[in-house]
S.K.: 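Take a look at this one; I'll ask things after.
Please read these numbers as outputs of a predicted model, since none were measured by experiment. Convention: sequence-line order gives letters A, B, ...; per-chain numbering from 1.
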Number of protein chains: 2
Amino acid sequence: MTSVPSWANVDERRNLPPALAVSTVILGIRPGVEGGPDKLCLPLVRRIRQPHAGMWALPGGPVDARESLGQAAGRTLAGTTGLRPNYLEQLYTFGDIDRSPTHRLVTIAYFALLHVDQVGATVQDPNVAWFDIDDPAIAQLAFDHRKIVDYALWRLRNKTEYGQIAHRLLGERFTLAALRGVYEAILGRRLDPANFRRTLNSTASIEATDEYLAGGKHRPPRLYRYVGHGPDPLEVDPLHG
Amino acid sequence: MTSVPSWANVDERRNLPPALAVSTVILGIRPGVEGGPDKLCLPLVRRIRQPHAGMWALPGGPVDARESLGQAAGRTLAGTTGLRPNYLEQLYTFGDIDRSPTHRLVTIAYFALLHVDQVGATVQDPNVAWFDIDDPAIAQLAFDHRKIVDYALWRLRNKTEYGQIAHRLLGERFTLAALRGVYEAILGRRLDPANFRRTLNSTASIEATDEYLAGGKHRPPRLYRYVGHGPDPLEVDPLHG
DNA sequence: CCTAGTTAATGTCAAAATGACTCTAACGCG
DNA sequence: CGCGTTAGAGTCATTTTGACATTAACTAGG
């Protein structure tokens, strides 16, 4: 016999198309501890069924016949984690024949960003947990989900329009220092505060408000606001998919 | 009744996943006529079955259970057009519920680039034809294929690594003028020859050979060569998917 | 109230990159 | 040979970038 998996005949006989599912990489930002850099982090769910039972995996699930792909992503991630991100974009479709050991599975991967105040606010469930992006505990994930996470990070780092991404991780108003922390977490290196300020001042999409963040120990920083200029072609409405 | 399509019940009753297909946007470059700029062009196939019979559409077809998605793209586009591009990358997956009037269809769109000497070399078939990218005859295409073409062009223009793209449209060796023509066709504007040369000289991925293109009417231009530095994460092996 | 400490915000300056342009080299053709 | 044309190198002012210095505004501690 050949190296074709044993289930191939079954699928072929029934003339069924591959099973269709969605998975979502949900990224958020977590403030660094005692002067350390901010960290990117994401929620994962532990699989309770075969295959890969017990391993951490991306939230997701099958696509229903009456929903769009983006809707499926939003629905499954809300169902498993309770999270409702404000940004959702399609990432890539993974369809190698051997990516699941039990059946032919095509997965459309999505990529979501979460406001900082929602990070950690998942459902109470021992099978849902947050991990820092560099946590060695998630070096291996179920299926090819580690590859999907790496690809999401690659895409985040290569985004042209950083303004959009940063504000979707922070929320409505933010200080320049917080925004710089986000950039540093994404790029993995320190940035000069003065030069960072200069570049953002020349960016039309970020606007100074006349409010300041009070309560700190030192000089209060000004608050800024993102003034978007329309979604890019990849973006998906998280509510209507 | 609601606005749910009439076939939704059928799919739901049978509990079938959506039908899975691939479509490919194949782009090539065509030398401009009498001093005019080069043009991007692509092959399309005329649909002979419903829905959208008679309209031009992207080459493609259903995904078999025993092939990867990239293999499906390569197989279907070779089958319909006879072309074998040297570059294939996944573009986007389109899965809106109403994108086909007759059934639920999820299409994984691919994006291919063709060497200049293969442009026009499709099978002899009145239902296969080449069109310039700005040809008004293709302002409307079957399904949402016009949207897919526009997205492929957007992605091409926003590529960071232009060297790769250009050499995949031209072939092994090329002159700087030919390369500049490709850039101009992609970007839609003229570029300064001297500055273009300077930029490419500082690019490690393009290397001068000691050969010159003979046979022209004027000073023979030097031939250059692309020395790639590995595929990016999006790229697909056109042969093995 | 005054000063030290810390962070916010602005300013300076040289190096590097960019855009517009000029100048020289090398071919075919008559 | 000289002319037309394209290849290729060089010039220069402007803009952008990275590194660093300086000033401003607050709190905390005495």
S.K.: Could you state the CZ-C1' distance from B:Arg189 to C:dA20, rounded to the nearest angstrom?
M.R.: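 Interatomic distance, CZ of B:Arg189 to C1' of C:dA20: 14 Å.
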S.K.: Counting only side-chain heavy atoms from C-beta out, which of C:dA8, C:dA20, D:dA7 sits nearest to B:Pro221?
M.R.: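 Out of C:dA8, C:dA20, D:dA7, the nucleotide with an atom closest to B:Pro221's side chain is D:dA7.
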S.K.: May I have the distance from B:Asp192 (atom CG) to C:dT18 (atom P), rounded to whole angstrom?
M.R.: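 The answer, rounded to whole Å, is 13 Å.
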S.K.: Give the ring-plane orientation class for A:His145 versus A:Phe143, where under 30° counts as parallel, over 60° as perpendicular and anything between as tilted.
M.R.: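 Tilted: the ring planes of A:His145 and A:Phe143 meet at 30° to 60°.
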S.K.: Going by the angle between their ring planes, with limits at 30° and 60°, are A:Trp56 and A:Phe131 parallel, tilted or perpendicular?
M.R.: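 A:Trp56 vs A:Phe131 ring planes: perpendicular.
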S.K.: For atom CD of B:Gln140, decide whether the heavy atoms of other residues, nucleotides or ligands shown that lie under 6.0 angstrom number more than 12.
M.R.: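 It does not: B:Gln140 CD has 12 such atoms or fewer within range.
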S.K.: Return the value, rounded to whole Å, for the distance between atom CG of A:Asn195 and atom C1' of C:dC13.
M.R.: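 So the CG-C1' distance, A:Asn195 to C:dC13, works out to 12 Å.
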S.K.: Give the minimum heavy-atom separation between B:Leu88 and B:Ala73, together with the two atoms involved.
M.R.: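 Of all heavy-atom pairs spanning B:Leu88 and B:Ala73, the closest is CD2-CB, 4.1 Å.
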S.K.: Specify the separation, in whole Å, of atom CG of B:Asn201 and atom C1' of C:dA17.
M.R.: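 Between C1' of C:dA17 and CG of B:Asn201: 15 Å.
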S.K.: Could you tell me the separation between the CD1 atom of B:Ile206 and the P atom of D:dG8, rounded to a whole number of Å?
M.R.: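 Taking CD1 of B:Ile206 and P of D:dG8, I get 13 Å after rounding.
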S.K.: Could you give the CZ-to-P distance, from B:Arg190 to C:dG19, as a whole number of Å?
M.R.: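 Whole-Å distance recorded here is 17 Å.
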S.K.: Mark yes or no for a side-chain to base donor-acceptor pair under 3.5 Å between B:Arg198 and C:dG19, with no hydrogen or angle criteria applied.
M.R.: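 Yes.
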S.K.: For B:Leu213 and D:dT5, give me the distance from atom CG to atom P, rounded to whole Å.
M.R.: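 To the nearest whole Å, that distance equals 20 Å.
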S.K.: Has the side chain of A:Arg219 got a donor or acceptor that lies under 3.5 Å from a partner of the other kind on the base of C:dA8?
M.R.: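 Such a pair is found, so the answer is yes.
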S.K.: Identify, between B:Lys217 and B:Tyr224, the residue whose nearest nucleotide on DNA chain D lies closer to the 5' end.
M.R.: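 Closer to the 5' end of DNA chain D: B:Lys217.
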S.K.: Give the nucleotide from the list D:dT6, C:dA26, C:dT6 with an atom nearest to the side chain of B:His218.
M.R.: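 Of D:dT6, C:dA26, C:dT6, D:dT6 is nearest to the side chain of B:His218.
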S.K.: With a non-hydrogen cut-off below 4.0 angstrom, is A:Ala194 in contact with a base, only sugar-phosphate, or nothing?
M.R.: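 Since a base atom lies under 4.0 Å of A:Ala194, the category is base.
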S.K.: Side chain of B:Tyr212 only, heavy atoms from C-beta on: which candidate in D:dA7, D:dG8, C:dA26 is closest?
M.R.: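 The closest nucleotide is D:dG8.
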S.K.: Using whole Å, what does the distance between atom P of nucleotide C:dA8 and atom CG of A:Leu200 come to?
M.R.: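 Atom CG in A:Leu200 sits about 14 Å away from atom P in C:dA8.
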S.K.: What about B:Tyr183 and B:Phe196, are their ring centers closer than 6.0 Å?
M.R.: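 Centroid distance B:Tyr183-B:Phe196: below 6.0 Å, so yes.
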